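A quick write-up on the structure given underneath.
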Amino acid sequence: MGSLRRTASCAEVDNSKIGQEVVLAGWVQRRRDHGGVIFVDLRDRGSFLQVVFRPDIAESAHEHAQNLRSEYVILVKGKVEPRSEDTVNPNIRAGDIELAVTELRILNSATPPPFAIEEDAGVDESVRMRHRIHDLRRPPLQRALRARHNLFQAARAALSDLDFIEIETPILTKSTPEGARDFLVPSRSHPGDFYALPQSPQIMKQLLMVAGYERYFQLSRCFRDEDLRADRQPEFTQIDLEMSFVGEEEILAVLEQVTKRIFSDVGGIELDANIKRISFVEAMDRYGCDKPDTRIQLELVELTEVFRSSELRAFRMGVDKGGIVKCLPIHDAQGMSRGRIDKLESMVKKELGGKGLAWVRVMDDGEWQSPIAKFLSDQEKEAITKATEARPGSVLLFASDTKARVNAILTRLRTDLGWELGRVEDRPWDVLFVVSFPLFEEAEDGSITYAHQPFVAPVEEDIALLETDPLGVRATHYDLVINGVEIGSGSLRNHRSDVQRKILEILGYSEEESRELFGFLLDGLEIGAPPHGGFAFGLDRMVMMLVGGESLRDVTAFPKTQRGQDLLMGAPSVVALDQLEELGLQLRPQEDE
RNA sequence: GGGCCGGUAGUUCAAUCGGUUAGAGCACCGCCCUGUCACGGCGGAAGUUGCGGGUUCGACUCCCGUCCGGCCCGCCA
């Protein structure tokens, strides 16, 4: 580089700089060599500019420019000049000017890139992952990481303004049995013992409340060793917050402000004044899931009672066994072919574990075309018609199974068909709080388990129900749902140790186990714990929504593949035997069968 | 753990029913070119068809296994 230093970025060079001498630095986006004159599109962070090498201006720079190739790193000095009228390119930024180079310094050469560094590289994602650095040079990831930064800043500013303070909590922490599988870190000084990476800073932030910090936040890394999805990475970032001496309303008010600030600062989007609320029960009834996209206009209808004594044995027996029947009515669905319905049925069976998909098509004359019609009494047909508002042109899709599976099947059909058939309200954002979740739910083996996590406080007037009807206890839990994606969740926590102990007892922990596993929290609750509660936003998912990404990999600098590998670094990887020895570890031979 | 889709040159794709030497665009390399901006012209190089096995006179193609990428179910408070 010598003594020459960059004096401007490409973005700063416009026709107000005509006549001035500037020094630019960046990468060769493209070279167009005309023999006598050579054009190079110079790219730097966020912009680019055409620079031109002419032998009549600088013989030696022109000579050197012949050696330039894509992605070479260069420094150029020259004069900003207007382009002649016939060479102006109105399709690009600064297409009316160019830099006439007087001096070229090649700072570094580069091997040819595996794909074009352009808006749309048009290559397979595995190629992009393997060459992540090149991919990171492309505009989509540049924008995403910029948006991510803006989101960090917006969150920090919003919470700081609300008097929250940022406190770090440990990454090396203790394994606790609840929730996801932990990532473990072996301890060298305590052979056989392990740290765990935090799934979230949940207990730590509660202890900070006990310690009197009153308003905490952290942009915290979280780790969960579970199978991945497009919207799930093994490590991710949360905007984690907790506050004392508040109830649900005060927390929701904070969340509303933070959410709006983020949307406004990052996406330039002004959300409605008040975020809509819907109860868990209503969400499940109408949409079949606890994170509905309410822009989709299709809704489910409960029909269990209709089939309680039906001749349709498949349904009646399901109901006898405690299952339910629900229907997804789709009106004006003449365009939905039999073939499409068959495809839906096979999807339901294969992907969702359903037994089948019963359906009815109401013909123009009101007749029911349906594999189940012959089992239905007129009375039942009438009840179904009334409940679903079926009319000629309607297609009714039925699911009969356990409550969970019925809802899973129909919510999937509702989403897929809603988009496919265009039954979606024309507004870009659907933001809502889902509230009044149950505290507990029944596990498959009939035992009682927590619905979200074991520290959620029950609604105050339901505390008495802990003794008599735990499954009926409402929680102070709330989720933020945007466009059908769970963006975050939170609750009030148990600040009374007797309530917390009772809940752990209901969850099946003995007194000893509770003390062993959560003793430091239970102790904390006995040294003057204030009422407190909080929330955690999934930062990655928010960025993904705001930049319109398809997966978290689109908004993460160095993401993992679906099988948890970093293809760039090659992690995870084997380690040296003496490293294992030092940790007191020994690998078990792989069993092959 | 399970279902589905995919894997051919650096890259994006093609290759008829299993049949000649696996082709093409872009990228790359060389030469030419003073106004391009996806520059252009001429020429060239580039392949363990993911890997292993099988069937066959013959396999990119069919079969089995396996690895890798993706989407989903389970799982993930």
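None of these values were measured; they are calculated from a predicted model. Sequence lines set the chain letters: A, B, ... in the order given, protein chains first and strands last, and positions in each chain run from 1.
What separates CD of A:Q562 from P of B:C67 is a distance of 16 Å, to the nearest Å. At whole-Å resolution of the value, CG in A:D540 and P in B:C76 are 20 Å apart. Between A:D566 atom CG and B:C68 atom C1' there is a gap of 15 Å when expressed in whole angstrom units.
Put simply, the side chain of A:D124 and the base of B:G70 share no donor and acceptor less than 3.5 Å apart. Evaluation of atom-type donor-acceptor distances gives a pair under 3.5 Å for the side chain of A:E98 against the base of B:G35. With hydrogens and angles ignored, a donor-acceptor pair closer than 3.5 Å exists between the side chain of A:R229 and the base of B:G74. Residue-to-nucleotide contacts include a donor-acceptor pair under 3.5 Å from the side chain of A:R83 to the base of B:U36. Side-chain atoms of A:R232 come within donor-acceptor range of the base of B:C76, with a qualifying N/O pair under 3.5 Å.
You'll find that the side chain of A:D56 is closest to B:U34, out of B:G35, B:U34, B:C76.
The ring-ring contact (aromatic ring centres under 6.0 Å, His included) search around A:F115 returns none, not counting sequence neighbours.
Across all strands, A:R93 comes closer than 4.0 Å to no nucleic acid atom at all (heavy-atom distances). If you check every strand for non-hydrogen atoms under 4.0 Å, A:A121 touches nothing. At a threshold of 4.0 angstrom between heavy atoms, the contacts of A:R553 are confined to the sugar-phosphate backbone, with no base atom among them. If you check every strand for non-hydrogen atoms under 4.0 Å, A:I92 touches a base. Using a 4.0 Å heavy-atom criterion, one finds that A:F39 contacts the bases of the nucleic acid, with or without backbone contacts as well. Here A:Q565 lies in heavy-atom contact (under 4.0 Å) with sugar-phosphate atoms only. Within 4.0 Å (heavy atoms only), A:T561 reaches sugar-phosphate atoms of the nucleic acid but no base atom.
RNA chain B is contacted by A:R30, A:R32, A:D33, A:H34, A:G35, A:G36, A:V37 of residues 24-38 of chain A, taking any non-hydrogen atom closer than 4.0 Å.
Residues A:L352 and A:S200 both approach RNA chain B. Their nearest nucleotides, taken by heavy-atom distance, put A:L352 toward the 5′ side. For the pair A:V52 and A:R69, nearest-nucleotide mapping onto RNA chain B gives the more 5' position to A:R69.
The closest side-chain donor-acceptor pair between A:D41 and A:Q29, if any, does not fall under 3.5 angstrom. Side chains of A:N15 and A:D96: a donor on one and an acceptor on the other come within 3.5 Å.
Using a 4.5 Å cut-off on side-chain heavy atoms (C-beta onward), A:L521 and A:Q206 make contact.
Comparing the C1' positions of B:A14 and B:U8 gives an interatomic distance of 9 Å, to the nearest angstrom.
In this structure, A:F236 has its ring center no closer than 6.0 Å to that of A:F223.
Taking all atoms of both residues into account, the shortest heavy-atom contact from A:R93 to A:C10 is NH2-O, 2.8 Å.
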